[in-house]
Structure formats: structure tokens, C-alpha cells
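Below is one structure, written out as C-alpha cells; the observations come after it.
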Amino acid sequence: MIFSESLKKNADFRNVYKNGKSYADKYLVMYVLENNKNINRLGISASRKIGNSVVRHRFARLVRESYRLHENIFNSGLDIVVVARKSAALVGFFEIEDALLHLSKLHHILNIHFYDEENQNL
């Protein structure tokens, strides 16, 4: 992640949960809060309800890779926390990627002009 850091401290996660705005879909819940910095911080949360450590780590890798591939179209200065829903344990990369981009559009944190140009090339 070139333009981003990981969100690691419990206090930072709690701050985003308490003060951020959230949207959800079938696989993910996304919380977003402005951080007054020039970089994004991405936090990923997966409880034991979705599966064992292998399943949880796989989910985290899928979210991290989805974000990394589209990192250039996200606005900067955000704390983003992605939380797994139970149904996320059974899906693949493309479903997670679609859910991440869908929730990002709902939050209006994508640079839409750049996003539209990127999708026209497909």
C-alpha cells in the first residue's frame, strides 16, 4: 500500500466506530472517518464468528489486496475500517472487491472522475 498505512491501535478503531459513518452490504461493513492527515489508514476486522484464523486471515488478505489495486482512486485523509460479515467467509476475491468498491461509492470516497476513466478501459 503506497499511499496508506494500517490502522492498528484499538483506540483508533474505537474512534472510527464511534465518530465515523458506516454503510453495509451482504459481505462487508465499512466505517469511514476523516483523519486530518494526507494519507489513508486501513483497518480490517474479522471476528471469530466468520471462521478460524485461516479464514479470517484470508479475508484480511483479500480486502488488503482489493484496496491496494484501487488505492489510487480513493480520496486521501481517511481512516477506513472494513468489518467482515459472516457471509464473507464463503466468497472469493471478486465479490470482496465489488463489495469494497460499492461501499466506497456509497461513502463518496472515490475520485469518481478517475474511477470512470479506469472502468471505460475495461
Side-chain angles (χ1 to χ4, degrees):
M1 293 187 284
I2 301 168
F3 309 111
S4 302
E5 294 178 353
S6 292
L7 199 63
K8 296 185 190 236
K9 295 184 178 178
N10 189 15
D12 292 336
F13 275 86
R14 287 179 185 235
N15 184 37
V16 176
Y17 291 142
K18 183 178 179 185
N19 300 315
K21 189 168 173 82
S22 69
Y23 285 107
D25 73 354
K26 191 167 31 169
Y27 305 120
L28 306 176
V29 180
M30 181 186 282
Y31 294 84
V32 175
L33 180 67
E34 291 187 20
N35 65 12
N36 298 325
K37 297 178 183 169
N38 204 16
I39 59 169
N40 289 344
R41 298 190 303 172
L42 178 67
I44 301 169
S45 176
S47 74
R48 286 190 297 177
K49 287 184 203 173
I50 74 159
N52 62 16
S53 64
V54 175
V55 173
R56 295 192 310 267
H57 188 68
R58 178 178 178 273
F59 168 77
R61 288 194 319 266
L62 292 177
V63 171
R64 205 175 300 117
E65 181 65 6
S66 299
Y67 178 79
R68 185 190 69 82
L69 291 174
H70 299 286
E71 186 174 26
N72 54 346
I73 63 172
F74 280 84
N75 295 336
S76 62
L78 302 169
D79 285 346
I80 303 168
V81 175
V82 179
V83 181
R85 287 194 153 176
K86 193 166 186 157
S87 58
L90 305 173
V91 297
F93 172 75
F94 295 110
E95 289 86 359
I96 297 293
E97 181 183 37
D98 288 344
L100 185 74
L101 292 174
H102 171 72
L103 292 174
S104 300
K105 284 183 206 173
L106 292 178
H107 277 290
H108 303 292
I109 60 173
L110 294 180
N111 185 347
I112 298 299
H113 175 70
F114 190 79
Y115 180 72
D116 290 340
E117 288 176 5
E118 185 178 275
N119 281 339
Q120 287 177 357
N121 295 333
L122 297 176

Neighbour count above 12 (heavy atom, 6.0 Å) for Glu34 CD: no

Rounded distance (nearest 0.5 Å) linking atom OG of Ser4 with atom CZ of Arg64: 12.0 Å

For residues 12-19, run the donor-acceptor check on the side chains, cut-off 3.5 Å, and write out each pair with its distance to 0.1 Å, sequence neighbours left out.
unit_1: Asn15; atom_1: OD1; unit_2: Asn19; atom_2: ND2; d: 2.5

Heavy-atom side-chain proximity of Ile44 to Tyr67 below 4.5 angstrom: no

Carboxylate-amine/guanidinium contact Arg68 Glu71, below 4.0 Å: no

Min side-chain heavy-atom separation Leu62-Val91 under 4.5 Å: no

Neighbour count >12 (heavy atoms, 6.0 Å) for atom CG, Asn52: yes

Hydrophobic cluster membership, Ile109 vs Val82, 4.5 Å side-chain cutoff: yes

Criterion side chain to side chain contact (heavy atoms under 4.5 Å, CB included) on Leu110 and Phe74, from CA distance to verdict: CA-CA 5 Å; Leu110 294 180; Phe74 280 84; 4.0 Å; yes

side-chain contact (heavy atoms from CB on, under 4.5 Å) against Ala89, all qualifying residues, sequence neighbours excluded: Ile50, Val55

From CZ (Arg56) to CZ (Arg61), nearest 0.5 Å: 13.0 Å

Backbone of Lys8 reached by a side-chain donor or acceptor of Ser6 within 3.5 Å: no

Value rounded to 0.5 Å, distance of CZ in Phe93 from CG in Asp98: 9.0 Å

ILVMFWY network linking Leu7 to Ile80, side-chain heavy atoms under 4.5 angstrom: no

Side-chain donor/acceptor of Asn40 to backbone N/O of Gly77, under 3.5 Å: yes

Show every donor-acceptor pair shorter than 3.5 Å between a side-chain atom in residues 21-33 and any protein atom, with sequence neighbours excluded, or say none if there are none.
unit_1: Asp25; atom_1: OD1; unit_2: Tyr27; atom_2: N; d: 3.1
unit_1: Asp25; atom_1: OD1; unit_2: Leu28; atom_2: N; d: 2.9

Distance in Å, Leu42 CG paired with Glu5 CD, rounded so as to fall on 0.5 Å steps: 11.5 Å

